[in-house]
Protein chains: 2
Amino acid sequence: MPYDPSAFPPFAVTVDLVVLTVRRHALCALAVRRGEPPFQGRWALPGGFVRADEDLAQAAARELAEETGLRVHDPSVPAQDHGAHLEQLATYGDPKRDPRMRVVSVAHLALAPDLPAPRAGGDASNARWAPVEELLQQGGYGRDTEPVAPLAFDHAQILADGVERARSKIEYSSLATAFCPPEFTVGELRRVYEAVWGVALDPRNFHRKVTGTPGFLVPTGGTTTRQGGRPAQLFRAGGATLLNPPMLRPEV
Amino acid sequence: MPYDPSAFPPFAVTVDLVVLTVRRHALCALAVRRGEPPFQGRWALPGGFVRADEDLAQAAARELAEETGLRVHDPSVPAQDHGAHLEQLATYGDPKRDPRMRVVSVAHLALAPDLPAPRAGGDASNARWAPVEELLQQGGYGRDTEPVAPLAFDHAQILADGVERARSKIEYSSLATAFCPPEFTVGELRRVYEAVWGVALDPRNFHRKVTGTPGFLVPTGGTTTRQGGRPAQLFRAGGATLLNPPMLRPEV
DNA sequence: AGTGCTTATCGTCAGGCAGACGACTATGAT
DNA sequence: ATCATAGTCGTCTGCCTGACGATAAGCACT
């Protein structure tokens, strides 16, 4: 069968981003306000079309930089100590997910430390960090007792999948450190787990677990007192990327 | 910005399938021989274009049925006791992955019990089950001391990702039962783990683990002796889909 | 300076689970 | 009858976790 362009239907391919961070003890996602139909005025995940000469990961990294200014952390650059974690999440291709045309969206998951105010192409009022609980509740009320419309398209599903991926992945990997600044304390790391999982963890057992896992944390020698209380040792993420045995998420 | 078809480049979207099964104590994948360029005559993963009105999962299920005759197991049909497991794996979209045009492929992972001879549109010589080791070794020799060409396109990467997904997912889920017939013994299930992981497991500890996990296995009352030796109890997969604590994969 | 509050860090103890492995059972093959 | 094969039940030891007591070292008061 020779190459026949009419043998397959054309698709538009986009990348959508679930960008997560931890702010004020809550897991938050980046949302942008749609300026055009469909779903005009509603909140959505950031994203855009994949360009003709671009890999999917490149497109996701480009969109992430455009929306947040974040560079993606590249393991091949050892000196580069900052930058977000970015990974492919899943692909969504329901024929009716975009009323305009057939769009297949390759969703990506990005994890970032707490950032300054977001920018969406320079317009701050059209982008915000919102607690994922608030974005996922359908037709409820947000923090300001302001009615919240569901996310545009199937973005609520994408966000839920991204949050679930993050929740499960910090169990068995060092991914939680992606939410932390380059140097952090055990308590700050514990608060990341608590925010992402929405549970309280025993500080003593947590401390034993993370400091007792070889290669997970590397002490930098410094201490800090930015949390109040007794000064805490500062750490950097160690080379170990897998956590074995995993951190156990408490039952329910 | 109004809707402008020229604002985004057109893509072809395909689904590719990593269909895994366990045959003769080895993890095998379904491969089909390409009948046309590019990569004519080389082995590849089964797959095809997504149709205009089709969801991605529907397209994958359709391709799976066309290649193997397998129906996908639908949890909403309780009486249906056979059928493959099918899940989305990842999406591959390098601009040069197909020399003809820009193709984004949404790979899916399917797990099936040992099947009769494969069929590829009725032509058996163009489809086969091959041990994944054989398909993944680059330019080596297969079981018949016959030189093996690498898989077409980026299918070696896709297969490797699918195998890795299967290997890790049987740790913490009941997915290994998808490789078994509807009724199976503890030993048969253990041989699945051994084939997928490529290790030997202690039969006594394995038996204790799987029979001691509530809801994982349900005895059917019958016994069988198809493996030789003492007759073994027959089980069906229980309702538990998550295995907690997980089955531990031995080190290295 | 002292008191109280906060957070960090170290220790102890009991229970659960996994790895190693012995022992016994029930079939088919010779 | 004996052996080979596979299945099933126990035992023991070590590791890890959850629960929680105790101490350390800062800050904000008075």
Side-chain angles (χ1 to χ4, degrees), chain A residues 24-25 170-172 180 183-195 197 199-236 240 242-252, chain B residues 24-25 170-172 180 183-195 197 199-236 240 242-252:
Chain A
R24 291 190 239 99
H25 291 199
I170 64 173
E171 287 185 34
Y172 57 89
C180 293
E183 297 199 349
F184 52 90
T185 70
V186 173
E188 289 165 347
L189 184 61
R190 174 170 49 82
R191 278 179 276 277
V192 165
Y193 276 90
E194 291 179 334
W197 284 345
V199 298
L201 299 175
D202 185 295
R204 299 158 290 190
N205 293 336
F206 184 87
H207 188 277
R208 177 181 60 191
K209 173 73 176 169
V210 295
T211 58
T213 300
F216 186 35
L217 295 184
V218 179
T220 66
T223 61
T224 184
T225 165
R226 58 180 169 236
Q227 302 293 332
R230 169 175 164 181
Q233 237 184 319
L234 282 170
F235 295 89
R236 280 185 298 103
L242 250 44
L243 205 49
N244 198 352
M247 181 91 58
L248 293 181
R249 180 161 22 168
E251 315 279 325
V252 184
Chain B
R24 290 191 240 100
H25 291 199
I170 64 173
E171 287 185 34
Y172 58 88
C180 293
E183 296 198 350
F184 54 89
T185 68
V186 172
E188 289 165 346
L189 184 63
R190 176 170 48 81
R191 277 180 279 276
V192 165
Y193 277 90
E194 291 179 335
W197 283 346
V199 297
L201 300 175
D202 186 293
R204 298 158 290 190
N205 292 337
F206 183 87
H207 189 276
R208 177 180 62 190
K209 174 70 177 173
V210 295
T211 58
T213 301
F216 186 35
L217 295 183
V218 180
T220 66
T223 62
T224 184
T225 165
R226 60 181 167 232
Q227 302 292 333
R230 169 174 165 181
Q233 237 184 321
L234 283 170
F235 295 88
R236 279 184 300 101
L242 250 44
L243 204 50
N244 199 350
M247 181 89 59
L248 293 182
R249 180 163 20 168
E251 314 281 324
V252 183

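Chain A is the first sequence line, chain B the second, and so forth, proteins listed ahead of strands; every chain is numbered from 1. Computed over heavy atoms, backbone and side chain alike; hydrogens, waters and symmetry mates excluded.
Counting to the nearest Å, the P atom of D:dA22 and the CZ atom of A:Arg204 are 11 Å from each other. Distance, A:Arg230 CZ to D:dA25 P: 6 Å, rounded to whole Å. Atom-to-atom, CG of B:Leu234 to P of D:dA6 comes out at 17 Å; the value is rounded to the nearest Å.
Between B:Thr185 and B:Asn205, the one whose closest nucleotide on DNA chain D sits nearer the 5' end is B:Thr185. The 5' end of DNA chain C is approached more closely, in terms of each residue's nearest nucleotide, by B:Met247 than by the other of B:Met247 and B:Asp202.
A search for side-chain contact (heavy atoms from CB on, under 4.5 Å) contacts involving B:Gln233 returns B:Pro219, B:Phe235, not counting sequence neighbours. Residues passing the salt bridge (Lys or Arg N to Asp or Glu O under 4.0 Å) test with B:Arg236: none are found, sequence neighbours excluded. In terms of the side-chain contact (heavy atoms from CB on, under 4.5 Å) criterion, residue partners of A:Thr223 (sequence neighbours excluded) are, by chain and number, A:Pro231. Under the side chain to side chain donor-acceptor pair (under 3.5 Å) criterion, B:Asn244 pairs with no residue at all, not counting sequence neighbours. Applying the salt bridge (Lys or Arg N to Asp or Glu O under 4.0 Å) test to B:Glu194 and every residue at least two apart in sequence or in another chain returns B:Arg190. For the ring-ring contact (aromatic ring centres under 6.0 Å, His included) test, residues two or more places apart in sequence or in another chain that qualify with B:Phe206 are B:Tyr193.
Within a heavy-atom distance below 4.0 Å of DNA chain C, the residues of residues 206-227 of chain A found are A:His207, A:Arg208, A:Gln227.
A side-chain hydrogen bond (donor to acceptor under 3.5 Å, both in side chains) check over residues 208-217 of chain B, counting only residues at least two apart or in different chains, returns the pairs B:Asn205-B:Arg208.
Protein chain A touches strand DNA chain C; the 5'-most and 3'-most nucleotides with an atom under 4.0 angstrom of its non-hydrogen atoms are C:dT6 to C:dT12.
Residues A:Met247 and A:Trp197 meet the side-chain proximity criterion, which asks for heavy atoms closer than 4.5 Å.
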